[in-house]
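Beneath this line is the structure, given in structure tokens, with notes to follow.
So that the names make sense, note that chain A is the first sequence line, chain B the second, and so on, each numbered from 1. Worth saying up front: this structure is predicted, and the values here are computed from it rather than measured.
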2 protein chains.
Amino acid sequence: MARLAKVSVSTVSYAFSGKRPIRPQTYERVMNAAKELDYAPNAGARMMRSEHKNIVALSAPLRLKQNKESYADYFIEMARQEHERGYDSLLLTAENGVEDIRRVTRSNLADGVILMDIVDDDIRAAQAATYGRPCIAIGLPRHHSDLACVDLDFELMGRMAIETLHDKGRTSPIFLKGPRKEYERRSSYRLIMRNSMHTWAKRYGMHLTEAEQSTIREDCIEQTYESIRDRRVDSIISEVRPIQLLGVVRALQSRGIVIPDDVSVISCAAGTPSSSLEHLGISEMPLTPQPLCAAACDILTGAIEQGQQIAGLVSLRKPTFYKRTSV
Amino acid sequence: MARLAKVSVSTVSYAFSGKRPIRPQTYERVMNAAKELDYAPNAGARMMRSEHKNIVALSAPLRLKQNKESYADYFIEMARQEHERGYDSLLLTAENGVEDIRRVTRSNLADGVILMDIVDDDIRAAQAATYGRPCIAIGLPRHHSDLACVDLDFELMGRMAIETLHDKGRTSPIFLKGPRKEYERRSSYRLIMRNSMHTWAKRYGMHLTEAEQSTIREDCIEQTYESIRDRRVDSIISEVRPIQLLGVVRALQSRGIVIPDDVSVISCAAGTPSSSLEHLGISEMPLTPQPLCAAACDILTGAIEQGQQIAGLVSLRKPTFYKRTSV
DNA sequence: TTGTAGGCGTTATCAA
DNA sequence: TTGATAACGCCTACAA
């Protein structure tokens, strides 16, 4: 390579890194030779020399098959964002995330770590201090003193949902819960939001009931209908997928229930704002990956590139409330 | 490190790589010292020396937001399989996949390339010869002379669906098409299966019609019902998501349509065999990631580790047909 | 503006 | 069974 361009190796190096001025014609010669030989600097050698590997580890353990769809959005978005900032993403899907993360950080393969699909007692978060690299979680695990956390403020989301209904004079909301398995594995954000709703409902003297996801199926939808008809329920807060909520709403409407006269509806579900929900005028606080991932990337790259200390940092973002006719 | 264990650097190296026999007590000393210093071999230096990086590039360009869920399954499964074989996966999501792939292969970061979400005229496949590394696609693009391809045999799947209906004396199937956008971007496998169905329907003298996905919505489901009632349609081949197909089936049943007496139903959709479909007795040929990904990994690791030539190889797998009461 | 040389951590070769 | 040493390709301080 250096021979072909008739320059020294250092000239080649500087031509690529731009860390010292090069005469235009020399630069030209180098780049032509590079093109000719299909040359690219060797990643391994480069990594050995420089502190920056431009690789981050994306830890998304496969806890639960059913959950894949929702957090796939997150790590695709995460990879996109990291790429924009010049980083490649190493996908770690092992069940036991900790060992894998240690392997890639301690061997100096990855500059930083991103944890996704956080559970309440997340072991990957608890072990963050042992990675020797900055670490950030999308979510808020119980132990978070050794890493940064970015998440929607689900505490606030629960409160906003309850307060909005309270302001409209509603007293008896029902909470359409997401998959039971999500609660069994103690999905962090779901627990936080559910607790918050109960706390605030109590404070406002409201009667909050819950419906398991299975009861949303057609055969059981009757019960929900009757609760509303008999005025035992006057509002719905849903965390099931929009398409399922749509099924419920349509079923209720076909039985003569009117929104928001008979029942208010608020959706708090994964995914970008749903056009179907908007079409029906259903209010929603969507869980959109984009702003969260962008914030997480910014924080992590700051830690990697400027050496900022981020352990213990918690950044909770205010949910966006699309208020529509359903409340 | 070598000092602490009182051995030479080469002994440390061999202790970790296992490439030459080490006396147990020496090995012990090395590992204790490693634990003490929290030492792990430097990945960069390792990559520089050895031909194997144990990293593969996973190219999944974000062509279409709506499509994310279905192929997220694939690259999660892919990462899992590669991990089992000792490889990490580098997630490449850039819109223009080619440049990214070249970057990681030419810089000796990745040992091989896996292409996902293949379209008919896939440019990443067409450029595979320029990567300088073995490359494999999950799917069958038009140009595939420079890479290996693994896929379900969608040609055969279309044929099997048609022939099964023909064997049962059906003459007028309707094809419930997936998202229109998937066809607009020329998703490879959808085109193949659709063509195949038309070819074989023609051969058997059957009358195959098509329904756009939008017509599955409730407001248009009436038309489908009427077609069946009037005997203009006697069978359904669906490639929409199981949950949507369920909606259709229920709507038809509530209008008095009986399966399979009035209409046969076959589902050919992404995801593992659906328990809801099984429950209703609906036959299906599911598009499951696991066997495809395993086959692809085997071929790719064979190419990487044994230097097998895989360019031009095409491996089509026979679809699994779960025949139930719906046909 | 460009070249020379030393060192990064690992592995392969050769010697003990 | 283990040790010493020379590469690998890159970066950079220093020399020209």
Side-chain angles (χ1 to χ4, degrees), chain A residues 1-55 86 88 102-111 132-133 305, chain B residues 1-55 86 88 103-111 132-133 304-305:
Chain A
M1 167 63 200
R3 272 199 309 275
L4 178 62
K6 286 176 187 162
V7 294
S8 73
V9 284
S10 63
T11 305
V12 174
S13 173
Y14 285 118
F16 274 92
S17 70
K19 288 192 182 176
R20 84 179 182 192
I22 305 248
R23 188 149 38 112
Q25 42 187 296
T26 312
Y27 181 84
E28 197 84 349
R29 268 220 314 286
V30 171
M31 287 311 166
N32 283 339
K35 193 153 281 178
E36 183 132 352
L37 298 180
D38 209 38
Y39 166 87
N42 180 294
R46 197 162 226 184
M47 283 166 65
M48 196 174 76
R49 292 285 308 153
S50 58
E51 198 52 32
H52 277 52
K53 284 82 195 163
N54 285 293
I55 293 182
D88 283 319
R102 279 219 201 91
R103 180 173 57 79
V104 298
T105 54
R106 294 196 341 192
S107 71
N108 288 303
L109 222 193
D111 298 316
R133 301 276 163 188
E305 291 167 14
Chain B
M1 167 64 200
R3 273 198 309 274
L4 179 64
K6 287 174 185 162
V7 294
S8 72
V9 284
S10 56
T11 306
V12 176
S13 171
Y14 286 117
F16 274 92
S17 71
K19 288 191 182 175
R20 83 181 182 191
I22 306 252
R23 189 151 37 112
Q25 41 187 295
T26 312
Y27 181 83
E28 197 85 349
R29 266 219 317 288
V30 172
M31 287 310 165
N32 285 338
K35 194 155 281 178
E36 182 132 354
L37 299 180
D38 207 42
Y39 163 89
N42 180 293
R46 207 163 216 184
M47 281 165 66
M48 195 174 78
R49 291 296 302 153
S50 57
E51 196 55 31
H52 278 50
K53 285 81 196 166
N54 285 293
I55 292 181
D88 283 318
R103 180 173 57 80
V104 298
T105 53
R106 292 194 342 192
S107 71
N108 288 303
L109 222 191
D111 298 316
R133 301 275 163 189
I304 293 171
E305 290 166 14

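- Atom CG of B:Asn108 is separated from atom NE2 of B:His52 by 12.5 Å, given to the nearest 0.5 angstrom.
- Among all heavy-atom pairs drawn from B:Arg29 and B:Lys6, the shortest one is NH2-O, 3.4 Å.
- Ring centers of B:Phe16 and B:Tyr39: under 6.0 Å apart, within the cut-off.
- Between the side chain of A:Asp111 and the backbone N or O of A:Ile55, at least one donor-acceptor pair lies under 3.5 Å.
- Between A:Arg23 and A:Glu28, every side-chain heavy-atom pair lies at or beyond the 4.5 Å cut-off.
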Would you mind building the protein contact string for nucleotides 9-16 of chain C? One character per nucleotide, 5' to 3', B for base within reach (heavy atoms under 4.0 Å), S for sugar-phosphate only, - for untouched.
BBBBBB--
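- Shown here for A:Ala5 and A:Ala33, the closest heavy-atom pair between the two residues is CB-CB, 3.8 Å.
- Taking the screw axis at each terminus of the helix from C:dT1-D:dA16 to C:dA16-D:dT1 from five consecutive base pairs, the angle between the two is 30° to within rounding of 10 degrees.
- For the pair B:Arg103 and A:Asp88, the salt-bridge criterion is met [side-chain N within less than 4.0 Å of a carboxylate O].
- In this structure, A:Thr11 reaches the C:dG3 phosphate: one of its side-chain N or O atoms is under 4.0 Å from OP1 or OP2.
- In this structure, CZ of B:Arg29 is placed 13 Å from C1' of D:dG3, rounded to the nearest angstrom.
- The CD1 atom of A:Ile22 sits 13 Å away from the P atom of D:dT12 (whole-angstrom rounding).
- Distance check: B:Arg3 CZ to B:Ser8 OG gives 13.5 Å after rounding to the nearest 0.5 Å.
- If you take CD of B:Glu28 and C1' of D:dT1, they are 17 Å apart, rounded to a whole angstrom.
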